[in-house]
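Quantities reported herein were computed from a predicted structural model and do not represent experimental measurements. No hydrogens, no waters, no symmetry mates; every other heavy atom, side chains included, goes into these values. Per chain, numbering begins at 1; letters A, B, ... match sequence-line order.
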Protein chains: 2
Amino acid sequence: MSYEFDHLRTALRKARVRLGLSQRELSEISGVQQAQISKFENGAVDLRLSSLVALFRSLELELELVPRTCLPAVQSIIRTTLPKSTISRKLSARGKIAVDHVMQGLTQLDQTAKQVQYLQELIRFFERIRIPADQTKNYTRWVKYLERLHAMPIDAEKFEALLKRTEALRNQIERSQSPRNQSLSEKPAYSLDEEDGHV
Amino acid sequence: MSYEFDHLRTALRKARVRLGLSQRELSEISGVQQAQISKFENGAVDLRLSSLVALFRSLELELELVPRTCLPAVQSIIRTTLPKSTISRKLSARGKIAVDHVMQGLTQLDQTAKQVQYLQELIRFFERIRIPADQTKNYTRWVKYLERLHAMPIDAEKFEALLKRTEALRNQIERSQSPRNQSLSEKPAYSLDEEDGHV
DNA sequence: GTCATTGATATAGTATTGTATGTCAAAAAA
DNA sequence: TTTTTTGACATACAATACTATATCAATGAC
């Protein structure tokens, strides 16, 4: 039943997953029904151009017409450019919004200012660096955790959990990117016993 | 009523015209109704992906997904590559088919073999060189003339006309491309009085 | 274990495209 | 001038996407 645009179908799924978006979330962003997204990804529907464009635009992708003569050149550009971008602006923006929300909620909390400051410091780390591709999933999970947190009142216990989890993510990301910076950083790569939880 | 894909709409028309195809011809090649093509080019319809792909494939264009980050690079490639392609393979192929048909018809003609041979020689010229962009329209007209010719029996009179017309096209193309080869060719560019009809 | 999330389906009604034809005025070719 | 080609448009019917909503099994979070 699938037509000759399998590459668009699979590209949609890949891009969506890469951004850590569920079909329902993409549906909200793009305005295309979740059922339609599911069908399209499985080649069970022949979407209209407007739906397609809405979907891809939401994923920072543009539908472009390429003369067959320069297809290889274009595909090569896309291939070499894509892997460099570690995490999408979209997801980063989403993360920032979540962080803002949670931080606002924290003002009504009677934690010591020092602990809140430490949390901010941890979070600032995510903004300073680029989240490596293999850590996207973890980062996404953390963002969704923040979004869930925001929906409920934050007490001391939840704050503690948030701090721990954020610390864990920071460490994981640091460990993940250290092999690449090995020659540039004085941090040795053999600190494998750093499981998680401490700086 | 138009959505946010005006560039695709206009690109379709441009590509179609560049190949010298009418809406009806493109309709036959692609399998998409002429009415649909007209509506799409005027932004009055939200085509389905299958129709779009069929149309663009027929025009040697591929619908490609480009990350917004490398859009400028891709567009630059397309812009610099496109003008180089003088005439499409599609139109060339169409020309070859038309030539073959007419040549087959000529075997039943009592022209001197010498005249037929001269015609073949003229035609071989079109296959050897690349038709310059500004001669596409003339070439297209000639192809359509051949296609019309094929539908009717060719007598001596028609053969004469064919020969004249083909000669004229050859001369026009030669004149058109001469400025580019000026330094390479010994033929002077100032032979402006060569109106048409003779070698 | 419990609860929420996720992706795949389903159903029913609506809106639009797609198909098959045909018409028409303007432009181009003969 | 006469004929053909071209693009826009019309109409009726069939096919299918779109909308809104819901269900369900599998997975994952807590």
Contacts of [X] that satisfy side-chain contact (heavy atoms from CB on, under 4.5 Å) - sequence neighbours left out:
{"X": "B:Thr166", "result": "B:Leu119, B:Leu122, B:Ile123, B:Phe126, B:Trp142, B:Leu162"}
{"X": "A:Lys158", "result": "A:Leu149, A:Met152, A:Ile154, A:Asp155"}
{"X": "B:Ala98", "result": "B:Val143, B:Leu146, B:Glu147"}

Contacts of B:Arg68 that satisfy side-chain hydrogen bond (donor to acceptor under 3.5 Å, both in side chains) - sequence neighbours left out: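 Expected list: A:Glu62.
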
Results of side-chain hydrogen bond (donor to acceptor under 3.5 Å, both in side chains) for A:Gln75 - residues two or more places apart only: B:Glu64

Results of salt bridge (charged side-chain N to carboxylate O under 4.0 Å, His left out) for B:Glu25 - residues two or more places apart only: B:Arg94, B:Lys144

All salt bridge (charged side-chain N to carboxylate O under 4.0 Å, His left out) counterparts of A:Arg13, not counting sequence neighbours: A:Glu41

Sequence-distant partners of A:His101, ring-ring contact (aromatic ring centres under 6.0 Å, His included), two or more places apart: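 For A:His101, the residues satisfying ring-ring contact (aromatic ring centres under 6.0 Å, His included) (neighbours in sequence not counted) are A:His150.
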
Under the ring-ring contact (aromatic ring centres under 6.0 Å, His included) test, residues paired with B:Tyr145 that sit two or more places apart: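 For B:Tyr145 there are no ring-ring contact (aromatic ring centres under 6.0 Å, His included) partners, ignoring immediate neighbours.
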
Geometric class of the B:Phe56/B:Phe40 ring pair [parallel <30°, tilted 30-60°, perpendicular >60°]: perpendicular

Axis-to-axis angle between the two ends of the helix from C:dG1-D:dC30 to C:dA30-D:dT1 (five base pairs per end, rounded to 10 degrees): 60°

Interatomic distance, B:Arg16 CZ vs D:dT6 P [rounded to whole Å]: 10 Å

Let's see if you can work this out: which of [options] has an atom nearest to the side-chain heavy atoms of [X]?
{"X": "A:Ser22", "options": "D:dG7, C:dT6, D:dC18", "result": "C:dT6"}
{"X": "B:Gln33", "options": "D:dC18, C:dT21, C:dT17", "result": "C:dT21"}
{"X": "A:Gln23", "options": "C:dT16, C:dA8, D:dA8", "result": "C:dA8"}

Tabulate atom names and distances for all N/O pairs under 3.5 angstrom spanning the protein and nucleotides 11-14 of chain C.
none

Sugar-phosphate, base or nothing in reach of B:Ile37, heavy atoms under 4.0 Å: nothing

Annotated protein contacts, base or backbone, on nucleotides 22-30 of chain D with a non-hydrogen cut-off under 4.0 Å, one of B, S, - each: -------SS

